Amino acid sequence: MIRMTGIRKSYETASGPFTVLDGVDLTIAPGETIGILGRNGAGKSTLVRIIGGAEKPDAGKIERKMNVSWPLAFSGGFQSSLTGLDNLRFICRIYGVDPEACLPFVNDFTELGVYLREPVRTYSSGMRARLAFAASMVIEFDCYLVDEIVAVGDSRFQAKCHEELFVKRADRAMIIVSHDPGFIKNHCDRAALLIDGKLKQFATVDGAYNSYAEAMA
Amino acid sequence: MTDLSLSHSWTIQRRVLGALLMREILTRYGRHNIGFLWLFAEPMLFTLGVTALWSVAKLDQISSIPIVAFAVTGYSSVLLWRAMPSRCISAIEPNLPLLYHRNVRLLDVFFARIALEAVGTTISFVGLVLVFWGLEWLTFPENVMKVISAWLMLGWFGAGLALLLGALSGTSELIEKLWHPVSYLLFPLSGAAFVVDGLPQAAQGAVLLLPMVHGVEYLREGYFGSQITAHYDLGYMATWNAGLTIAGLLRIRAIADRVRPE
């Protein structure tokens with residue numbers, strides 16, 4: 001269970017404080033998949049960072065009874081002068097997972113071959129994405145944060161991601177953030193719309209979708 | 001998973017620091033040529049160079065201490081307290097994405113960098129003393145415990161300064177700009193290149209305002225004992241150290257709530 005109540009967050013800008021989240025409430029039960037819709041800049045990524053704990057809210061309470069992943073397939077934490085393998089080892093060490101034990105999976109999943117032992121700076125963005133996704137799958141979480149994963153990699157890679165995330169880990173909770181309603185519709189039990197700093201919740205994905213379409217119009 | 005006991009927290013803490021240390025070592029030294037040996041080879045080269053220069057410049061005429069021992073004790077001390085702040089200033093920005101891993105805190109990033117510098121300069125100091133002792137270029141410390149205490153005091157000073165300046169550099173670019181000239185100017189005043197007793201009375205008082213001078217003096221008393229008259233007040237230095245550490249920790253806590261990974 002993750003329960004957030006009255007989450008507020010604003011950022012300092014040159015033209016004074018800018019409120020991004022203005023009293024957001026959200027509860028996620030184990031195994032539940034919830035989609036969060038919102039336009040570019042609506043505060044979706046801020047919300048994800050707060051749920052994951054990478055950032056603290058200005059006000060409000062957040063209880064985490066599940067362990068929450070970092071944003072799925074996030075590659076910003078890679079040190080580009082280190083090899084893919086060294087980056088992977090780093091993440092394994094942080095979470096207390098034996099790096100060597102997960103090598104077969106990573107080799108198989110990423111298909112990076114000899115490049116696994118090359119610096120990440122030599123990777124294409126697709127290769128980075130594959131490594132980042134594999135790293136996210138190596139550590140097991142109760143709740144996965146999925147921030148705009150859709151347009152990553154070729155169809156073969158996307159099929160593999162789908163298998164790992166939505167088939168093998170169908171029992172986990174997921175928070176999927178996207179401005180693509182189709183993706184949310186396919187994968188979520190319910191959805192919410194982030195608009196003007198508030199999170200409007202809907203019982204059905206369709207309800208959220210319609211409201212989103214209205215807001216976009 | 002929700003085991004929040006102290007031992008569990010300690011396990012996580014150790015894991016994170018270990019992982020950060022490995023990452024730092026690999027990033028800085030890589031696996032090429034001598035790899036992580038640079039960690040202490042670099043400070044050793046510095047100290048050797050300075051020792052050679054000072055020997056040629058006949059700096060030994062300013063005190064009764066043999067020049068090799070004078071340079072090794074002096075310059076190693078400088079490296080110890082100066083390296084930590086240098087590595088912690090501007091350490092936040094490149095490490096921000098790591099905060100997505102919830103167990104990694106800003107403080108861990110600083111701790112890892114401080115620990116790495118402490119280990120590197122300590123191995124360099126101990127290694128050089130042992131080698132030169134083997135070559136009979138210098139004598140063994142008269143009081144090893146005093147030398148160790150002094151080294152710890154200097155390390156604490158460096159760590160406190162590193163925490164405070166590291167945290168301040170997170171919100172002000174001025175710190176990075178000012179640190180280079182300030183650390184450069186502090187070097188000749190830090191007690192590395194003189195003994196306080198050899199200075200005029202008025203200068204002694206002024207120079208003893210600087211906390212690291214007390215550490216270097218104490219270290220040299222431990223090393224050379226009866227050969228010199230050292231001037232130090234460890235209580236004064238400890239007050240500085242504690243002040244810097246507390247201010248640094250408070251500052252880090254204050255900005256930890258505000259940092260935002262991309």
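Quantities reported herein were computed from a predicted structural model and do not represent experimental measurements. So you know, we letter chains A, B, ... as the sequences are listed, proteins then strands, and number each from 1. For the numbers below, each heavy atom of this structure counts, side chains included, while hydrogens, waters and symmetry mates do not.
When heavy atoms are compared at a cutoff of 4.5 Å, B:V104 approaches chain A solely by way of its side chain, counted from C-beta outward. Only the side chain of A:Y11 comes within contact range of chain B, with at least one heavy atom under 4.5 Å from a heavy atom of that chain. Only the side chain of A:I91 comes within contact range of chain B, with at least one heavy atom under 4.5 Å from a heavy atom of that chain. Using a 4.5 Å cut-off between heavy atoms, B:I12 does not touch chain A at all. Only the side chain of A:N87 comes within contact range of chain B, with heavy atoms under 4.5 Å apart. Within the 4.5 angstrom heavy-atom criterion, only side-chain atoms of A:L82, from C-beta onward, approach chain B.
Side-chain contact check for A:F74 versus B:P97: some heavy-atom pair is nearer than 4.5 Å. Side-chain contact between A:R93 and B:R15 is absent, with no heavy atoms from C-beta onward closer than 4.5 Å. Taking the side chain as every heavy atom from C-beta outward, A:F90 and B:L26 never approach each other to under 4.5 Å.
One N or O on the side chain of B:R102 and one on the backbone of A:G52 form a donor-acceptor pair closer than 3.5 Å.
No other option in B:T27, B:L98, B:L20, B:L17 has as many heavy-atom pairs under 4.5 Å with chain A as B:T27. Between chain B and the options A:S69, A:P71, A:P57, the largest number of non-hydrogen pairs under 4.5 Å is found for A:P71. Each of A:S81, A:G76, A:G96 has some count of heavy-atom pairs under 4.5 Å with chain B, and the biggest count is that of A:G96.
In the displayed structure, B:W240 atom CH2 is contacted under 6.0 Å by at most 12 heavy atoms of other residues, nucleotides or ligands. With a 6.0 Å radius and a threshold of 12 heavy atoms from other residues, nucleotides or ligands, B:E173 has its CD atom at or below the threshold. Summarising the local packing, CZ of B:F36 is surrounded by 12 or fewer heavy atoms from other residues, nucleotides or ligands at distances under 6.0 Å. Heavy atoms from other residues, nucleotides or ligands lying under 6.0 Å from CZ of A:F105 number more than 12. For CZ of B:R14, the number of neighbouring non-hydrogen atoms (other residues, nucleotides, ligands) closer than 6.0 Å is greater than 12. Around atom NZ of A:K61, no more than 12 heavy atoms belonging to other residues, nucleotides or ligands sit under 6.0 Å away. Residue B:F46 places its CZ atom among 12 or fewer non-hydrogen atoms of other residues, nucleotides or ligands, all under 6.0 Å distant. Counted within 6.0 Å of CG on A:D171, heavy atoms from surrounding residues, nucleotides or ligands total more than 12; the atom is thus considered enclosed.
Interatomic distance, B:R258 CZ to A:D58 CG, rounded to the nearest 0.5 Å: 10.5 Å.
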